[in-house]
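All values below were derived from every heavy atom in this structure, side-chain atoms included, with hydrogens, water molecules and symmetry-related copies excluded. Being a predicted model, the structure only gives us computed values, none of them experimental.
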Amino acid sequence: MLAKLVRVRDVKQFDGVESVLFVLKTDADKGILGDDKDIASRRKHFGTNTFKKPSVNLLQILLKSLKDPNIIIVLLPIETVSILVIRDGKDTCIASSEAVVGDVIRLKAGDQVPADGIYIGGQSLHIDESTLTKKNDLVEVNNSTNVFLLSGSNVLRGNGRMLVTAVGMDTALAEIISPACVNHDHKSLLQKKLHKLTSHIAKVGLAVSFLVLLVLLVRYFTGNMRNNGRKLFIGGKTSIHDVWKAFLGILATPVAIASGAIPEGLTLACALTIAYSTKKMIVDQALVRSLSACEAMASATVICTNKEGVLTENTLQVREFCLCEEYFGRGTFSSFAPEILDLLHEGMALNTTKIPPGSSFEHIEDQIQNAILGWGIKSMNMDVQQLKERCTLVHAESFNSEYQGRVLIRRNADSRVHVHHKGTPEAILAMCSRYYEETGDVKDINDDTREALQGRITKMKMDGLYCVGFAYKSVTAEHQIDHEGHFHPKLKEDDSILLAFVGLKAPCREQARKAVMDCQDAGVNIKIITKDDIHTARASAIDCGIIDPHDTSTGEVIEGTTFQGYAEDERLEKVDNIRVIARASTLDKLLMVRCLQKKGHNVAVTGDRVEDAEALREANVGLSLGNHGTDAARNCSDIVIMDDNFASIARVLSWGRTTYNNVQIFTQYQLTATIASLVIDFVTAISASEPVTINIVTVISAGNVPYAMLQVLWVKLMVGTLAAVALTIDGPGTKLMQQPPPDKNEPFITNIMWKNILGQALYLISVLLTIQFTGESGYQLSDKEKDTMIFNIFVLCQLFNIFYLRNYEGGILRELKTKRLFWGIVGMIVVIQFAMIEMLKEFACTERLNWMKWKVCIGIAALSWPVSLLIKCIPVPKTPLFSRRNSQNSSYSRFRSSVWL
């Protein structure tokens, strides 16, 4: 009953939390006794915090279920995670697998709940239970409304203590990862489309097969089917045994047609291209956690990205230094008065107080401090060790979200005490009434001076700089520290002396601007969501090419509070035009994702913090940052960008497009053969006056099936496997990144693809039926030569079609050097086909062809190229025939396959 306490969410059966603590012999503050005897007893009665892995065939897991989130849960190294528990009144760090029922565990943001339990104190917790419940909403855990915590859920906000009530296989997580609950048949969106397409083709094949069977039976029982001129059925005279034997012979034809109509190579092609792309993407610094994300990126229309470390370098550099109104660039300080330099050194080197939550500098605190410190040492000849020996740090405090805080410093030589302030320039300027000049003179800040200083601050921000202000104030001994160890309340923040403003900038990554342009050329909008102020954010967006400063139509820059303040209809109306959200919160990123999705966009979003988990989960593709991201963000993402570089995100987009395109190319190739197969076999079967002998006019055709099976197997191998490899191993090219993204709601086969499929199939049908019906009489071919030429022309046409469908962005000579696998497959097809006709004629049921007949076969196959070019000139509507969306809404995202297909 205790193990089910959390799952049934009813603590009243134990008369409340206090009763559960009593039953488990646990103190809410001191925890369990925690000695060896106590731990062993609890493990004996309640079990260990370990899980039994589902008993599933390893090959099945690798081939089908590696992308399943439940399996990922099982594979997480739970036993290596450290947790903080209270035992015998002391905080103890243990592995999560060592937790026992009755343990009191401390939880904080970023932790994973290691077992089932109940909340017993602390701040309220915000929990992500989506891994277990599949619901995206955050769950608040507190003493009043909900005290239950599920194993495997993640803490996103808050901190507190939990009492463990169930471990290991008794937890809610264990139910999910049990063998009965593991789903190994999860299919991606593209795989579902292909499965649906394959089902439709199979139904058509069955319909054609049934029609052929019906026609053949009618012909048989009406006496219109003959063998060497003799009727096969004569009413009242033909025995039941002969009828049954004839029926089995007739049935072989529709069965062959039906089995060959299923394009089983489509699913193989999809698996091959996704596997190939996923492997290659690792080289491009992208680790795919969800295989469906690779293809989902193909239809991404918007990428919402962080700025820091993604579009810009992950380090800051000091770019400007201003003493009052005077601009010194990065600084030339030989003319500065010694007193000013001493004060600047103290403020830069010794005021290293940590930033409080909520500060506009919180996300880059360490970068700012390190950049200023390094610059001061290099440019101002600052000696940090000497400063620490010369001054005593009396007190430090972070107390205001607008600036980092203040430190109280006593100079050992003369016991003078200064308070140094460091923070946002607006806050620093507001507390100053005087300023230093270069000569060391102190002057009052009048209205004109204050306006000029504010203008300098604005100018620095519009140049994309992070601005930090420095100020100081001398204080008396009696107004330093109060009796509680804090700054004295009479130590006011006004009447300080302004020292300087320092401007820092994270340079745009070298490849980021080109990557942004590539994405924009591909019809993908880039939106920045950052904590920077509006001026800095706008300048960075201009640097990265997201906004054109000379074109106001390129997008809007707003603050997060403004975005949240919009009514829902207004937000939906404006969201497309917004390019940057400054001073953004986690809620802004989530709102942006939801709004864009409501507008029909496919959204990819980057995230690196615990708070980004919900946005990463709700986006069509979640991209976490590998270098500076949290485990919680990575666990909720589909793809991990290992180098945090936007250029890698652009390459992921390119790989997604390539994956989708490669499968489309092979689908066109496969359906051309399948349609030709159905038509030719149908016409051949119903027009024959004698028992049908199926020749290899297509993928499923074979002479006398038992003897020409080698032909069938070879054509199946070529069309279904070798062609799949040859057509799905293309890497990203530039053409795909110059087209709009495909619409996931549109049919997988576009109008242009149907045009190419039907045109090529018609050419193949015309040629092969002509040879089938006139080969013997019109061209003096023997029956076996006719069948061999049909077989040869079909294979060669498919080979030429492979060449036609491939992309040659670098030219055919470059292809010869770089695409060795492709050329190896082509060489294999040529050699095997030649051997099938010239060397294996007894086994393959073929006849040797002279050089003239070979030239005819090659010429007919080569003619498919100019035929394809003529087909390409036929105009068709760009909107798919069976679009589910209004043409006005889908005009942006139509997939112009004509460039590649």
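- A donor-acceptor contact shorter than 3.5 Å is absent between the side chain of Asp638 and the backbone of Ser290.
- With sequence neighbours left out, Lys853 forms a salt bridge (Lys or Arg N to Asp or Glu O under 4.0 Å) with Glu785.
- The minimum heavy-atom distance linking Asn751 with Pro877 is given by the pair ND2-O, 2.8 Å.
- With sequence neighbours left out, the side chain to side chain contact (heavy atoms under 4.5 Å, CB included) criterion links Lys203 to no other residue.
- Put simply, the side chain of Thr658 reaches to within 4.5 Å of the side chain of Leu736, judged on heavy atoms.
- Aromatic ring centroids of Phe822 and Phe803 lie under 6.0 Å apart.
- Although no hydrogens or angles enter the test, the distance criterion places no donor-acceptor pair under 3.5 Å between the side chain of Asp284 and the main chain of Ala286.
- Taking CZ of Phe666 as the reference point, atom CD1 of Ile802 lies at 8.5 Å (rounded to 0.5 Å).
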For this session: Start with the C-alpha gap between Glu838 and Leu849, add the side-chain angles, then the distance that decides, and say whether side-chain contact (heavy atoms from CB on, under 4.5 Å) holds.
Result: CA-CA 7 Å; Glu838 300 297 330; Leu849 301 177; 4.3 Å; yes
Exercise. Going through the distances and angles, do Trp823 and Met828 end up as a side-chain contact (heavy atoms from CB on, under 4.5 Å)?
Worked result: CA-CA 8 Å; Trp823 290 105; Met828 183 188 305; over 6 Å; no
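- Side-chain contact, Ser239 with Asp242: a donor N or O sits under 3.5 Å from an acceptor N or O.
- Remark: Leu678 CG to Leu211 CG distance equals 11.5 Å, nearest 0.5 Å.
- In this structure, Ile829 and Val795 approach most closely via the heavy-atom pair CG2-CG1, 4.5 Å.
- Trp865 places a side-chain N or O within 3.5 Å of a backbone atom of Phe800 that can act as its donor or acceptor partner.
- Contact check for Tyr276 versus Trp655: side-chain heavy atoms found under the 4.5 Å cut-off.
- Looking only at side-chain heavy atoms (C-beta outward), Cys294 and Met281 come within less than 4.5 Å of each other.
- Here the CH2-CD1 distance, from Trp714 to Ile832, works out to 4.0 Å after rounding to the nearest 0.5 Å.
- For Leu869, the CG atom is densely surrounded, since the number of other residues' heavy atoms within 6.0 Å is greater than 12.
- Proximity of Val524 to Val302: side-chain heavy atoms (C-beta onward) are nowhere separated by under 4.5 Å.
- Across all their heavy atoms, Ala298 and Gly656 have their closest contact at CB-O, 3.1 Å.
- Under the 4.5 Å side-chain criterion, counting only non-hydrogen atoms from C-beta, Met753 is not in contact with Asn756.
- For Thr273, the side chain to side chain contact (heavy atoms under 4.5 Å, CB included) criterion is met by Ser277, Thr659, Asn662, Val663, Thr728, not counting sequence neighbours.
- Considering only residues two or more places apart in sequence or on other chains, Thr222 meets the side chain to side chain contact (heavy atoms under 4.5 Å, CB included) condition with Val218, Asn224.
- More than 12 heavy atoms of other residues, nucleotides or ligands shown are found within 6.0 angstrom of NZ on Lys755.
- In this structure, Pro741 and Ala300 approach most closely via the heavy-atom pair CB-O, 3.6 Å.
- The residues Lys786 and Asp783 are annotated as salt-bridged, a charged nitrogen and a carboxylate oxygen being separated by less than 4.0 angstrom.
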Problem set entry | Pair Phe748-Tyr660, ring pair (Phe, Tyr, Trp, His ring centres under 6.0 Å): steps then yes or no | CA-CA 10 Å; Phe748 178 66; Tyr660 195 90; 5.6 Å; yes
For this session: Decide side-chain contact (heavy atoms from CB on, under 4.5 Å) for Ile639 and Met297; before the verdict, give the C-alpha distance in whole Å, the side-chain angles of both, and the deciding distance to 0.1 Å.
Result: CA-CA 10 Å; Ile639 299 174; Met297 277 299 290; 4.3 Å; yes
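- The shortest heavy-atom contact between Leu764 and Ala676 is CD2-CB, 3.8 Å.
- Under the 4.5 Å side-chain criterion, counting only non-hydrogen atoms from C-beta, Asp521 is not in contact with Met737.
- Applying the side chain to side chain donor-acceptor pair (under 3.5 Å) test to residues at least two apart or on different chains, the pairs with a partner in residues 790-799 are Asn792-Gln833.
- Residues meeting the side chain to side chain contact (heavy atoms under 4.5 Å, CB included) test with Thr846, sequence neighbours left out: Gln711, Thr788, Phe791, Lys841, Ala844.
- The distance from the CD atom of Gln668 to the CD1 atom of Ile757 is 5.5 Å, given to the nearest 0.5 Å.
- The distance from atom CG of Leu194 to atom CD of Gln664, rounded to the nearest 0.5 Å, is 10.0 Å.
- Residues Gln739 and Arg657 share a closest heavy-atom pair of O-NH1, 2.9 Å.
- Just one of Ile871, Ile675, Thr672 meets the side chain to side chain contact (heavy atoms under 4.5 Å, CB included) condition when paired with Leu758; it is Ile675.
- One finds the CH2 atom of Trp854 at 12.0 Å from the CZ atom of Arg848 (value rounded to the nearest 0.5 Å).
- With hydrogens and angles ignored, the 3.5 Å screen pairs no side-chain donor or acceptor of Asn620 with any backbone N or O of Ala604.
- Taking the six-membered ring for Trp and the full ring otherwise, the centers of Phe221 and Phe247 sit at least 6.0 Å from each other.
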For this session: Could you give me the CA-CA distance, side-chain angles and deciding distance for Tyr763 and Ser864, then say whether side-chain contact (heavy atoms from CB on, under 4.5 Å) is met?
Result: CA-CA 8 Å; Tyr763 172 73; Ser864 64; 3.9 Å; yes
